[in-house]
Amino acid sequence: MTPRKVPVTAIAAPRRRASAASPPARLTDLHAALAAWFAREARDLPWRAADRTPWGVLVSEIMLQQTPVVRVLPVWEEWMRRWPHPSDLAAEPAGEAVRAWGRLGYPRRALRLHAAAAVITREHDGELPTIEEGLLALPGVGTYTAAAVAAFAFGGRATVVDTNIRRVHARLVGGEALPAPSLTAAEQRRAAALLPEDRAESVVWNAAAMELGALVCTARSPRCSECPVAADCAWLAAGEPPPTYTPRGQAWHGTDRQVRGAIMAVLRAAEHGVPRALLDDSALATVSDSAADGVGPAVARLKALQAGPEQRERALAGLLADGLAVEADGVLRLP
DNA sequence: AATACGTGGCG
DNA sequence: TCGCCAAGTAT
């Protein structure tokens, strides 16, 4: 690998390609049309700004996993203000990351981001790996995030495949309403085949396809009248056929997962932990509004779930096993 | 390969 | 109201 530094500049529409062995004109047109749309319509997100850092991009990508942009924005801002460099986060207890994570959901992501910061600090001299292979080795970084960071932080040519891009490809090229329930090898090959050869163009293509999926080619009620590539869309050409399967909902009500979430809220609210006995039936029953330390509302929420003691026990055991909670002397706290 | 894992807004 | 959905990962 060439150990050169890749300048971090704003993701912008690329210059015209130097035509060598060029792809079919159709694909080139598609690339150009989407790039033009992206240059015009892309949201002004802080992790896309010219002053962004690779660390900031990684933080954004982890936070954005299964989580809407609007919810991530304020947490990302505060996170970067407090921990501008991986070593800043690595110097803190993991619990601080979990608390700062707030209500973004999937708090194990905060734990893994903290662990990733430790690996970056300890094994990479505080600098992020610049290619997918190195990024993949970091906790919490899978195929999508590795490709996204390689592309958006380092300007690399990587095949980025997220839920937006899968949906855009399924419609635009595949002629289907929705992609398969899980990522297939055929989809990955298709995404690789669609990627511009030119490195800078590939970055824009990846970002633009994601943005199109987020703003226009949405899962429900796509805004096809605003779509810059509607004329090329196989799904529109096919008469907008309906999905061939019905997505199965994510179970939530009454699940252990819901109880985990409520217990996590209690732990986040308690600066110095809570007695394990607080989660017992008798203690929960009397807690009501004895909210001297701010845990009251969170405890009330937990109580409202009316989970049985065995379910609370099971949920707590899961949190302890995952390292999201620790217990010492009968007191539960963040790690 | 299927499943577990949070949260809150929207149609 | 309620199910769907949001820049997935790890096991």
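To find a chain, count down the sequence lines: A is the first, B the second, and so on, and within it residues start at 1. Values reported hereafter were calculated over all heavy atoms of this structure, with side chains retained and with hydrogens, waters and symmetry mates removed.
- Each of L178(A) and Q65(A) was matched to the nucleotide of DNA chain C holding its nearest heavy atom; the match closer to the 5' end belongs to L178(A).
- The distance from atom CG of N164(A) to atom P of dC5(C) is 13 Å, rounded to the nearest whole Å.
- What separates NE2 of H253(A) from C1' of dA4(B) is a distance of 19 Å, to the nearest Å.
- Spacing between atom CD1 of I62(A) and atom C1' of dA7(C) amounts to 11 Å, rounded to whole angstrom units.
- Between the C1' atoms of dA1(B) and dT9(C), the separation comes to 15 Å (whole Å).
- Nucleic acid contact class of L104(A) (heavy atoms, under 4.0 Å, all strands): base.
- Between E211(A) and R43(A), at least one side-chain N (NZ, or NE/NH1/NH2) sits under 4.0 Å from a carboxylate O, which counts as a salt bridge.
- R82(A) and E92(A) are joined by a salt bridge, as a carboxylate oxygen and a charged side-chain nitrogen come within less than 4.0 angstrom of each other.
- Distances shorter than 4.0 Å separate some side-chain N or O of T145(A) from OP1 or OP2 on dT9(C).
- Here the P atom of nucleotide dC5(B) and the CG atom of L319(A) are 9 Å apart, to the nearest Å.
- Between D280(A) and R312(A), no side-chain nitrogen of the basic residue sits less than 4.0 Å from a carboxylate oxygen of the acidic one, so the salt-bridge criterion is not met.
- W252(A) has its CH2 atom 14 Å from the P atom of dA4(B), to the nearest Å.
- Looking at heavy-atom distances under 4.0 Å, A219(A) makes contact with sugar-phosphate atoms alone, never a base.
- Side-chain nitrogen and oxygen atoms of R268(A) include at least one within less than 4.0 Å of the OP1 or OP2 phosphate oxygen of dT7(B).
- V141(A) comes within 4.0 angstrom of sugar-phosphate atoms only, judged by non-hydrogen atoms across all strands, and of no base.
- L113(A) comes within 4.0 angstrom of nothing in the nucleic acid, heavy atoms only.
- In the model, E61(A) has a side-chain atom that pairs as donor or acceptor with a side-chain atom of Y144(A) under 3.5 Å.
- For Q66(A) and R220(A), each mapped to the nucleotide of DNA chain B holding its nearest heavy atom, the one lying further toward the 5' end belongs to Q66(A).
- Protein atom CZ of R112(A) is 14 Å distant from nucleotide atom P of dG8(C), rounded to whole Å.
- Residue-to-nucleotide contacts include a donor-acceptor pair under 3.5 Å from the side chain of T67(A) to the base of dG6(B).
- In this structure, of dC5(B), dA7(C), dG9(B), it is dC5(B) that holds the atom nearest to the side chain of R108(A).
- Look at R257(A) and you won't find any side-chain N or O under 4.0 angstrom from OP1 or OP2 of dT3(B).
- Between R333(A) and E327(A) no salt bridge is recorded (no basic side-chain N to carboxylate O distance below 4.0 Å).
- Ion pair E313(A)/R276(A) flagged as a salt bridge, since at least one NZ, NE, NH1 or NH2 atom sits closer than 4.0 Å to an Asp/Glu carboxylate oxygen.
- Residue G105(A) is classed as a base contact, given a heavy-atom separation below 4.0 Å to a base.
- Residue-to-nucleotide contacts include no donor-acceptor pair under 3.5 Å from the side chain of R109(A) to the base of dT9(C).
- For dG6(B), the OP1/OP2 oxygens have a side-chain nitrogen or oxygen of R260(A) closer than 4.0 Å.
- Rounded to a whole Å, the CG atom of L136(A) is 13 Å from the C1' atom of dA10(C).
- One P atom belongs to dA7(C), the other to dA4(B), and the distance between them is 23 Å to the nearest Å.
- DNA chain C is contacted by both R167(A) and T143(A); R167(A) maps to the nucleotide lying nearer its 5′ end (nearest heavy atom per residue).
- Atom pair L111(A):CG and dT11(C):P shows a separation of 12 Å (rounding to whole Å applied).
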